[in-house]
Every structure is written in C-alpha cells, then in structure tokens.
2 protein chains.
Amino acid sequence: MSPAIPNETMDDNRRQIIDAAENRYRNYGYGKTTMAEIAEDVGMSAANLYRYFKNKHEIGSACAQRCMAERIDQLSVIVRKPGLNAHEKLRSYVIENLMYNYQNAGVDQKINELVQIIVNENKDVVYKQVEKEIGLLAEILSQGNSSKEFAIENVLRTARSIQSATIMFNVPTFLGLYPIEQFQEMANGVVDLILTGISKR
Amino acid sequence: MSPAIPNETMDDNRRQIIDAAENRYRNYGYGKTTMAEIAEDVGMSAANLYRYFKNKHEIGSACAQRCMAERIDQLSVIVRKPGLNAHEKLRSYVIENLMYNYQNAGVDQKINELVQIIVNENKDVVYKQVEKEIGLLAEILSQGNSSKEFAIENVLRTARSIQSATIMFNVPTFLGLYPIEQFQEMANGVVDLILTGISKR
DNA sequence: ATAATGAATATATTATTGATTATTCACTAT
DNA sequence: ATAGTGAATAATCAATAATATATTCATTAT
C-alpha cells in the first residue's frame with residue numbers, strides 16, 4: 001500500500017512541478033503549455049509527472065488554487081493591519097480586491113485564463129475560495145462588533161451578504177465593462193450602502 | 001430620398017421579422033437560425049430582409065432589446081403595484097428579478113445565449129438596460145423617501161449602488177453556481193443589508 | 001419610386017485530415 | 001519496493017477542404 005503520509009520528496013517534487021507550470025502558464029498560457037515542457041523544466045520525463053499528478057488538469061488546478069490562496073493571504077494583511085478601524089478595513093478590503101482584480105484582468109491575464117478554465121470544471125474551487133473570503137469579512141465584522149462600531153447579530157450571515165453584494169468587484173467578467181475610476185466610485189457607493197443602509201433611523 | 005418617418009408597413013414588417021426570429025431563436029438558438037428561415041417564416045425572400053434590417057446581427061439585437069424591454073415592463077409592475085411599501089417593493093424587485101433570471105437561465109437558455117452574443121459586441125445595450133434598472137430602483141427609493149421609510153439624500157447614487165450590490169441576482173453567469181433556495185437566501189440577506197446597514201445606530 | 005426577387009459573391013461554419021500532445025504501460029535502475 | 005524511462009496508444013488541436021449561409025446587386029413587378 002502507499003504511505004498514509006506522502007514523504008518530503010513527494011511534496012517537494014509536486015511544488016517544483018507547480019512552480020515550473022506556473023512559469024510556463026504566465027508566459028504562454030495554460031493551453032500552450034505541454035506536459036513535455038513542464039517535465040523538461042523540472043528535469044524529468046513527461047511520463048513521470050503522472051506519479052505526482054493525475055493529469056494535466058490537476059496541475060493547472062493546483063496552480064490556480066495556490067494563486068488563489070496567495071490572494072487570500074494578501075487580503076488577510078488588510079484585515080489584520082493595525083491602525084485601521086473596522087469601517088476603514090471593510091472599505092480597504094473591497095477596494096483592494098477591486099484593484100487587484102483589475103490589474104490582473106489586464107496585465108496578467110494568462111493566470112486569469114487558467115483560473116477561469118479550472119473554475120469552469122470544478123465549482124468546489126470557487127466554493128472554497130468564497131468561504132475563505134467570507135471568513136475574512138467575518139473577521140472584520142467581529143472586530144467592528146468588539147470596537148462597538150457595528151452591532152451585528154449574525155456575523156456569518158452578514159459576511160455572506162457582503163460577499164454577495166461586492167461580487168462585482170471580485171470577478172474579472174465585469175471588469176471590462178467600465179473604466180477603473182467608475183468601478184472605484186461604484187465600490188465606494190456599495191461600501192457606503194453596506195455601512196449605513198437606507199432605512200430611516 | 002427615403003421618408004423621414006418610416007411608414008406603418010415598415011414598422012409592421014420589422015415587428016413580424018422580429019417575431020419570426022424570436023420564435024426560431026427560442027427553438028433552435030441564434031447560431032442555428034438562418035436568414036432564409038426567418039424570411040420563409042415571414043413570407044419573403046432572404047434578400048428582402050435587408051430592406052428592414054442592416055444584417056443578421058441587427059435582427060438579433062432588435063430581438064434581444066425587445067426581450068430586455070419586456071423584462072423592464074414586468075419589473076415596473078412591481079414598482080407601481082399598490083399596497084406595497086417601499087421596503088416590500090425593494091425586496092420584491094430583487095427576488096422577482098432573481099426568479100426571472102433563474103427561470104430563464106435554465107428553461108429558456110436559448111434566449112440567454114442570444115442576449116449574451118448581442119451584449120458581447122454592443123456594450124451600449126447593457127448600459128441602457130442598467131440605466132433603466134437604476135431608474136426603477138430610484139422610483140422605489142423616492143417612494144420610500146416620500147413615505148418617510150427612507151431618508152436618502154442622493155437617490156440616484158443610492159440606486160446605482162443597489163444595482164451594483166444586487167448584480168449577482170441579475171446576471172445568468174452566476175446562476176448555475178447554487179440551487180435557487182440558496183440564491184433566495186442570499187438575495188434576502190443582501191436586501192436586509194441594504195435596508196439596515198451594519199453601522200451601530 | 002418602392003417592394004421584391006433570384007442569382008452571384010463574400011463570409012462563416014462544419015467536416016475531414018494530419019500533426020501534436022496527453023496518457024498509459026511494459027520495462028530498467030536504484 | 002520506489003523512482004524513473006521510452007515507446008505505444010488515445011485524445012486533442014490546427015490546418016485545410018467542403019459546405020452552407022450572409023450579403024450584395026442587377027433586374028422585375030407593382
């Protein structure tokens with residue numbers, strides 16, 4: 001039987017493969033990257049890649065998931081940045097997200113293509129990412145409750161709603177529709193709305 | 001020279017053509033519908049269609065725009081429905097929109113394909129539709145201001161923000177991601193958020 | 001003039017083929 | 001046993017040929 005816990009070499013090789021793949025994807029895109037090329041970059045035969053990944057798609061998937069995880073890390077920096085109150089953090093979070101996606105949509109579109117492809121065949125990847133984003137939003141909301149800025153009863157439900165309400169600034173699909181300035185205005189408008197609501201007080 | 005105001009026959013023929021086209025689109029999709037088929041359905045030659053529309057794309061565009069206009073009409077029924085207060089109207093508006101799009105995304109996907117195609121080459125169609133939706137939302141907000149339910153300073157800006165915040169329930173792209181019940185929950189959550197906000201009062 | 005057409009041409013779609021690439025497998029080295 | 005390979009096969013992609021469709025135009029009918 002195979003070992004319950006894969007050994008270090010296994011993990012290291014997998015990482016190397018993802019590194020090589022990501023580098024290729026960035027330069028030539030997912031579709032134009034061959035197994036043989038990845039194998040050569042990492043110094044093994046194409047056949048041997050299959051000892052580490054089930055197929056080409058799994059390499060792309062691993063790469064996409066790692067990129068998405070890195071993005072969560074970037075966002076969590078905002079969430080934990082000292083000297084910002086919860087209002088500011090929420091705005092920062094949404095705007096930063098927008099800027100990141102706008103950048104990526106233009107400059108670094110090759111990785112976007114990858115994420116798009118992976119996501120289309122594997123919804124679970126989206127679900128996981130969304131859950132993590134909701135987790136970060138929930139952190140901000142909890143902080144706001146602690147500091148008495150907010151008075152939120154159901155933090156998780158509210159975090160989910162905010163995630164839904166800001167989806168437009170989170171998804172590359174829309175980002176071609178308007179110039180960035182307009183998106184910033186829209187994002188700020190939505191944040192204002194979330195913070196204050198519309199009912200008379 | 002051609003008459004400044006096209007005569008009745010012109011308009012009637014155009015309408016008939018759009019009718020025939022829509023029927024074909026619904027059954028076979030935009031791509032599989034030929035000019036010859038539309039022409040036959042309406043009892044004329046393919047060549048003659050060009051007296052009424054510049055090209056195939058223009059027929060599709062006219063059809064898509066008519067469908068979108070019909071949808072605005074449906075939504076405006078809610079906005080003007082008596083016996084609902086502004087809170088209820090806003091919720092109704094968002095949920096109705098969601099249900100309509102969910103239906104369409106599944107059942108009647110052929111027309112969606114059409115809208116998608118048209119929209120891809122002509123962003124103006126989207127802009128116009130969005131402006132109309134914002135107009136309806138602004139109506140609801142104004143009613144809420146009159147009835148003292150809301151206290152909104154900038155109605156138009158707020159309407160724009162609500163439009164952005166509810167885009168997820170408005171765009172077929174997302175609607176495959178979750179079952180309808182979950183979307184309803186999400187939509188209600190977002191409406192709650194918009195109505196009450198999160199800042200302590 | 002205006003409405004309409006059939007036939008001619010330009011454009012786009014689909015089917016076919018050949019070439020490339022992914023994946024498997026029998027086998028070798030450690 | 002585990003890591004690896006080259007060669008065989010299966011799946012996919014890209015180029016081309018064949019077909020179908022969109023569009024134009026010269027001409028006819030009203």
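Sequence lines set the chain letters: A, B, ... in the order given, protein chains first and strands last, and positions in each chain run from 1.
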*Can you name the salt bridge (Lys or Arg N to Asp or Glu O under 4.0 Å) partners of R15(B), sequence neighbours left out?*
D12(B), D19(B)
*Gap between atoms CD and C1', on E58(B) and dA22(D) respectively (whole Å)*: 14 Å
_What contact category does F53(B) fall into here, base, sugar-phosphate, or nothing, at under 4.0 angstrom with non-hydrogen atoms?_
nothing
*Side-chain N,O (Y30(B)) to OP1/OP2 (dT21(D)) below 4.0 Å*: no
Enumerate donor-acceptor pairs with a distance under 3.5 Å from any side-chain N or O in residues 117-124 of chain A to protein atoms, sequence neighbours excluded.
residue	atom	partner	partner atom	Å
N122(A)	OD1	D124(A)	N	3.4
K123(A)	NZ	G176(B)	O	2.9

_Pairing residues for Y50(A) by the ring pair (Phe, Tyr, Trp, His ring centres under 6.0 Å) criterion, not counting sequence neighbours_ = none
*Nearest-angstrom distance from the residue atom CE of M10(B) to P of dA1(C)*: 17 Å
_Any residue meeting side chain to side chain donor-acceptor pair (under 3.5 Å) with S61(B), in chain and number order, not counting sequence neighbours_ = Q65(B)
*Looking just at side-chain N and O atoms, do R71(A) and N97(A) make a donor-acceptor pair shorter than 3.5 Å?*
yes
*Taking only residues two or more places apart in sequence or in another chain, which ones pass ring pair (Phe, Tyr, Trp, His ring centres under 6.0 Å) with Y30(B)?*
Y25(B)
Show me the protein contacts with nucleotides 20-24 of chain C, counting only N or O atoms at under 3.5 Å.
residue	atom	partner	partner atom	Å
dA22(C)	OP1	M35(A)	N	3.2
dA22(C)	OP1	K56(A)	NZ	3.4
dA22(C)	OP2	M35(A)	N	2.7
dT23(C)	OP2	Y50(A)	OH	2.7
dT23(C)	OP2	K56(A)	N	2.7
dT23(C)	O5'	Y50(A)	OH	3.1

*Taking the side chain from Y28(B) and the backbone from T33(B), do they hold a donor-acceptor pair closer than 3.5 Å?*
no
*R51(B) has an atom CZ; how far is it from atom P of dT2(C), in whole Å?*
9 Å
_Gap between atoms CG and C1', on N13(A) and dA3(D) respectively (whole Å)_ = 9 Å
_So if I take every side-chain heavy atom of N48(B) and compare against dA3(D), dA4(C), dT5(D), which nucleotide ends up nearest?_
dA4(C)
*Rounded off to whole Å, could you give me the CG-to-P distance for the D12(A) and dA3(D) pair?*
13 Å
Would you tabulate the nitrogen or oxygen pairs shorter than 3.5 Å linking the protein to nucleotides 11-18 of chain D?
residue	atom	partner	partner atom	Å
dA14(D)	OP1	K32(A)	NZ	3.2

Please tabulate, for side-chain N and O atoms in residues 144-155 of chain B, each donor-acceptor pair with protein atoms closer than 3.5 Å (sequence neighbours left out).
residue	atom	partner	partner atom	Å
N145(B)	OD1	I152(B)	N	2.9
N145(B)	ND2	I152(B)	O	3.0
S146(B)	OG	S142(B)	O	3.1
S147(B)	OG	Q143(B)	O	3.2
S147(B)	OG	G144(B)	O	3.2
S147(B)	OG	E149(B)	OE2	2.8
E149(B)	OE1	A86(B)	N	3.2
E149(B)	OE1	H87(B)	N	3.1
E149(B)	OE1	H87(B)	ND1	2.7
E149(B)	OE2	A86(B)	N	2.9
N154(B)	OD1	L156(B)	N	3.4
N154(B)	OD1	R157(B)	N	3.0

_Atom pair distance, as rounded to whole Å: CD in E40(A) and C1' in dT5(D)_ = 15 Å
*asked:* Rounding to an integer number of Å, can you tell me how far M44(A) CE sits from dT30(C) P?
replied: 17 Å
*asked:* Give me each pair satisfying ring-ring contact (aromatic ring centres under 6.0 Å, His included) with a member in residues 153-196 of chain A, each pair once, sequence neighbours excluded.
replied: F174(A)-F174(B), Y178(A)-F183(A), Y178(A)-Y127(B)
